[in-house]
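Worth knowing before you read on, the calculation uses all heavy atoms, side chains too, and leaves out hydrogens, waters and symmetry mates. Since we're looking at a predicted model, the values are computed, not measured.
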Amino acid sequence: MCGIAGQYSFGTENRINRADLKRMLDVIVHRGPDGEGIYYSDVCAFGMRRLSIIDLEGGWQPLYNEDNSLICVCNGEIYNYIELRTELISKGHVFKTKSDAEVIVHLYEEYGDSFINRLNGMFAIALYDTRLRLLHLYRDRLGKKPLFYSLINGKLYFGSEIKSIISCSDFKRECNYAALDYILSYNYIPNDMTAFKNIYKLMPGEHMVISFAGIKKNKYWDLQLNYTYENDNIPERVALEDIDSLLDDSVKIRLRSDVPVGAFLSGGVDSSFVVANALSHVDNIDTFSIGFAEKKYDESPYSREVARILKTNHHEKIVDSKFFEYLPTTIWLNDNPHGDVSFLPSFVLANMTAQHVKTVLTGDGGDELFGGYDKYIKYANSDNKSILSFFETNSVFSNELKKSLYKGKMNEIHSSQDTLSYIKNIMDRFQIRDDCSTIDNINIILYLETKLLLEGNNLVKPDRMGMGNSLEARMPLMDYRLVEYVSSLPSSLKIKDGVTKYLFKKIASKRLPENIVYRKKQMFTVPIGEWFKDSLRDMMYGVLLSERTLDRGLFDPDFTRKMLDAHVAEKENYTRQLRLLFIIELWHRIYIDDLYVKPPKLIDVV
């Protein structure tokens, strides 16, 4: 587990900049405080910051094949490395370490580009072939590990975090207002854009090849969409057995580590099941949770009960509005603005956890995979089966609100792009009509949420907030084998008789009491809307209506004030809208106005 960064030069004019490479690695030291490794040539150079999890003494990167013609760095974990290593040794390959990542260079030798399909893990990989002067970049199937890139002045820059790229001397920081328009709809960026001009994401399941001839991208994996009821007749018993087996193996291989593995425990069914399953493979486990002083939002009694039942070594922390001071830290770690306020408690939870362990199991991804959100039931029970209307209804800013809010550049952008186009393109690819009620619409929604919400937001959170505290988060419910299987099932086995996550809950009830498995879902969120009315009210008015904010010319101050006044007076609930505008302004101050090489304090940016 680490952070990676590097450069590739396309010609003689702009050779590799050693000073830039050093800066690229220094700014992500939080991802790997245990050490640094660098490979350097006049064409390609890259490095890594290491968080030691497997082969503590010998697993340093970069890693090489037998004749040093192949070099790689990898951010992440290859969970099935033991099986792959055994196979490769039987074929004559010689290993120098016991690292999980060393299998990459030998697999490439043996199978070429197709080696990537043999990996089960979370990863962002840079692999350089010195003989052909080819640089390969890979991102894992679901996008659990990030990888960004930019083409500047004849060089390709890449890194686990955007801050590595913008720290380079060639880069000019500018806001990408088109991406900002997407964020104001979705709360995150659902495509390959970033909030910075000329910086892009390598998308999940993508492979990029960089050579003197240029850049090529291809998709080595994509989730298949089942919406034709082709598996509608699968017996429930068979599906339960298959999922139970996949879940068990997914948890088991994620316990492979040379350091202790802990677990986040919210008290919800996902994290509780992961912990219960882990305890069938290990004797004990440390669990970690966070609670809130406001009882309405506090899940700590449930996590405490699960910890007592499972007899874990449990740690918890209760927070109040003072932890809002960490908001600039979460923005700095994210690189892109995100409107999801649960990044805040996730950061505090990761910070506490990192005092005890280096890696944790989490329950992330279960809701998107098995159908866990109430919005899915609401959609299923609605007469309106429009897929696009589902996303419009759940937008932070509707088109009507945008018309009232936008000024200047934002008006220009909004008039020239459709933020639903990304979804429309996917629907066109599968020849799906928006209002078609003769197909499995719920599965279409779950597929789109897996493609959009997971990559754009919900998998960003455990990575950035965890690695911001030098903590690795492992997500058993996001094992690609499990995702492929569950995605092939009809939604009638995911949401049934008004029960969300129907199949998963039946499996979980074998290990957990029903009051935990079937209790009403409680969102992992923060009472920030209440704080906006009292303890944070002056700060919100002060920042959103400040001269510095208004000089950007993006948002109408009268409409902003109208939202603030209505929210404070409890005439309307503008929590989602106000917190996103606040975060966007702080992001400008942290990344566009200035460039902080370390997380700023709240007092520095408000």
Side-chain angles (χ1 to χ4, degrees), residues 5 20 23-24 26-28 146 148-153 157 159-189 191-201 326-340 343 396-397 402 405-414 417 456 460 464 468 539-540 542-557 560 577-606:
D20 274 349
R23 279 192 290 271
M24 293 176 83
D26 285 347
V27 78
I28 57 169
F148 302 94
Y149 67 94
S150 182
L151 187 60
I152 314 166
N153 296 336
Y157 295 83
S160 296
E161 297 189 10
I162 291 174
K163 58 180 65 66
S164 287
I165 299 172
I166 64 177
S167 68
C168 294
S169 53
D170 281 349
F171 194 81
K172 180 182 178 182
R173 303 187 316 277
E174 293 183 80
C175 177
N176 180 0
Y177 297 105
L180 214 59
D181 187 36
Y182 274 96
I183 294 170
L184 285 155
S185 289
Y186 292 88
N187 230 20
Y188 56 88
I189 303 173
N191 49 33
D192 67 348
M193 292 180 180
T194 73
F196 297 86
K197 279 187 180 179
N198 198 30
I199 298 183
Y200 302 92
K201 302 182 231 172
Y326 291 111
L327 183 63
T329 298
T330 67
I331 297 170
W332 185 83
L333 289 170
N334 281 332
D335 294 323
N336 286 306
H338 283 79
D340 185 349
F343 278 79
V396 181
F397 281 89
K402 284 182 176 181
L405 177 70
Y406 282 0
K407 286 181 62 181
K409 295 186 187 77
M410 294 308 298
N411 256 334
E412 295 171 21
I413 291 292
H414 185 58
Q417 77 174 14
V460 176
R464 306 305 193 281
M539 184 186 298
M540 291 297 293
V543 169
L544 292 181
L545 298 175
S546 70
E547 184 177 345
R548 188 176 181 181
T549 301
L550 300 183
D551 281 348
R552 302 192 197 284
L554 303 177
F555 307 125
D556 183 84
T560 301
Q577 291 79 13
L578 292 173
R579 76 190 184 202
L580 181 53
L581 291 179
F582 188 83
I583 287 167
I584 287 171
E585 174 54 28
L586 294 197
W587 174 84
H588 272 89
R589 297 182 184 191
I590 292 167
Y591 273 116
I592 303 299
D593 298 351
D594 300 297
L595 180 58
Y596 290 86
V597 295
K598 291 183 179 180
K601 295 180 180 178
L602 187 63
I603 195 172
D604 297 327
V605 292
V606 299

K.L.:
Between Leu545 and Pro557, which heavy-atom pair has the shortest distance, and what is it?
P.N.:
CD2-O, 3.7 Å
K.L.:
Is there side-chain contact between Leu405 and Leu581, with heavy atoms separated by less than 4.5 Å?
P.N.:
yes
K.L.:
Check Arg23 with Asp20, please: is the shortest side-chain N to carboxylate O separation under 4.0 Å?
P.N.:
yes
K.L.:
Go through the structure and list residues passing salt bridge (Lys or Arg N to Asp or Glu O under 4.0 Å) with Asp556, not counting sequence neighbours.
P.N.:
none
K.L.:
Nearest 0.5 Å, what's the NZ-CD1 distance between Lys402 and Ile413?
P.N.:
11.0 Å
K.L.:
Measuring from Ile331:CD1 to Asn336:CG, what's the distance to the nearest 0.5 Å?
P.N.:
11.5 Å
K.L.:
Run the side chain to side chain contact (heavy atoms under 4.5 Å, CB included) test on Asn187 and Arg579 for me, step by step, so that the C-alpha distance in whole Å, both residues' side-chain angles and the decisive distance to 0.1 Å come before the verdict.
P.N.:
CA-CA 10 Å; Asn187 230 20; Arg579 76 190 184 202; 4.3 Å; yes
K.L.:
Output all residues satisfying salt bridge (Lys or Arg N to Asp or Glu O under 4.0 Å) with Lys201, sequence neighbours left out; order by chain, then residue number.
P.N.:
Glu455
K.L.:
Can you list everything that forms a side chain to side chain contact (heavy atoms under 4.5 Å, CB included) with Pro600? Sequence neighbours excluded, please.
P.N.:
Pro328, Trp332, Ile590, Tyr596, Asp604, Val605
K.L.:
Distance-only check: which donor-acceptor pairs under 3.5 Å involve side-chain atoms of residues 192-199, not counting sequence neighbours?
P.N.:
residue: Thr194; atom: OG1; partner: Phe196; partner atom: N; Å: 3.1
residue: Thr194; atom: OG1; partner: Phe196; partner atom: O; Å: 3.1
residue: Thr194; atom: OG1; partner: Ile199; partner atom: O; Å: 2.9
residue: Asn198; atom: ND2; partner: Ser150; partner atom: OG; Å: 3.3
residue: Asn198; atom: ND2; partner: Leu151; partner atom: O; Å: 3.1

K.L.:
To the closest 0.5 Å, what do you measure between OG1 (Thr329) and CG (Leu327)?
P.N.:
8.5 Å
K.L.:
Taking side chain to side chain contact (heavy atoms under 4.5 Å, CB included) as the definition, give me every residue that meets it alongside Ser164, ordered by chain and number, with sequence neighbours left out.
P.N.:
Ala5, Met24, Val27, Ile28
K.L.:
Can you see which heavy atom on Ser546 is nearest to which on Gly542, and at what distance?
P.N.:
CB-O, 3.0 Å
K.L.:
Applying side chain to side chain contact (heavy atoms under 4.5 Å, CB included), run through Phe148 and Tyr200 and close with a yes or a no.
P.N.:
CA-CA 6 Å; Phe148 302 94; Tyr200 302 92; over 6 Å; no
K.L.:
Taking side chain to side chain contact (heavy atoms under 4.5 Å, CB included) as the definition, give me every residue that meets it alongside Leu595, ordered by chain and number, with sequence neighbours left out.
P.N.:
Ile166, Arg173, Tyr591
K.L.:
Just so I know, are the side chains of Asp340 and Val460 near enough to count as touching, which here means a heavy-atom distance under 4.5 Å?
P.N.:
no
K.L.:
In chain order, what residues pass the side chain to side chain donor-acceptor pair (under 3.5 Å) check against Asn334, with sequence neighbours excluded?
P.N.:
none
K.L.:
Please name all residues satisfying salt bridge (Lys or Arg N to Asp or Glu O under 4.0 Å) with Asp594, sequence neighbours left out, ordered by chain then number.
P.N.:
Arg548
K.L.:
Quick one: OG on Ser185 to CG on Leu180, what's the gap to the nearest 0.5 Å?
P.N.:
10.5 Å
K.L.:
What pairs with Asn153 under side chain to side chain donor-acceptor pair (under 3.5 Å), at least two apart in sequence or on another chain?
P.N.:
none
K.L.:
Leu554 versus Lys409: any side-chain heavy-atom pair under 4.5 Å?
P.N.:
yes
K.L.:
Restricting to side chain to side chain donor-acceptor pair (under 3.5 Å), what partner residues turn up for Glu585, sequence neighbours left out?
P.N.:
Thr549, Arg552, Arg589
K.L.:
Rounded to the nearest 0.5 Å, what separates atom CZ in Phe397 from atom CG in Leu580?
P.N.:
6.0 Å
K.L.:
Between His338 (side chain) and Ile583 (backbone), is there a donor-acceptor pair under 3.5 Å?
P.N.:
no
K.L.:
Using side chain to side chain contact (heavy atoms under 4.5 Å, CB included) as the criterion, list what pairs up with Val606, not counting sequence neighbours.
P.N.:
Met539, Val543, Phe582, Leu586, Leu602
K.L.:
Please step through side chain to side chain contact (heavy atoms under 4.5 Å, CB included) for the pair Ile592 and Trp587, ending with a clear verdict.
P.N.:
CA-CA 7 Å; Ile592 303 299; Trp587 174 84; 3.8 Å; yes
K.L.:
Would you call Asp335 and Arg464 a salt bridge, taking side-chain N to carboxylate O under 4.0 Å as the test?
P.N.:
no
K.L.:
Run the side chain to side chain donor-acceptor pair (under 3.5 Å) test against Glu174 and tell me which residues pass, sequence neighbours left out.
P.N.:
none
K.L.:
Does a side-chain heavy-atom distance below 4.5 Å link Tyr149 with Tyr157?
P.N.:
no
K.L.:
Quick one, Ile584 with Leu184, criterion side chain to side chain contact (heavy atoms under 4.5 Å, CB included). Give me CA distance, side-chain angles, the key distance, then yes/no.
P.N.:
CA-CA 9 Å; Ile584 287 171; Leu184 285 155; 3.9 Å; yes
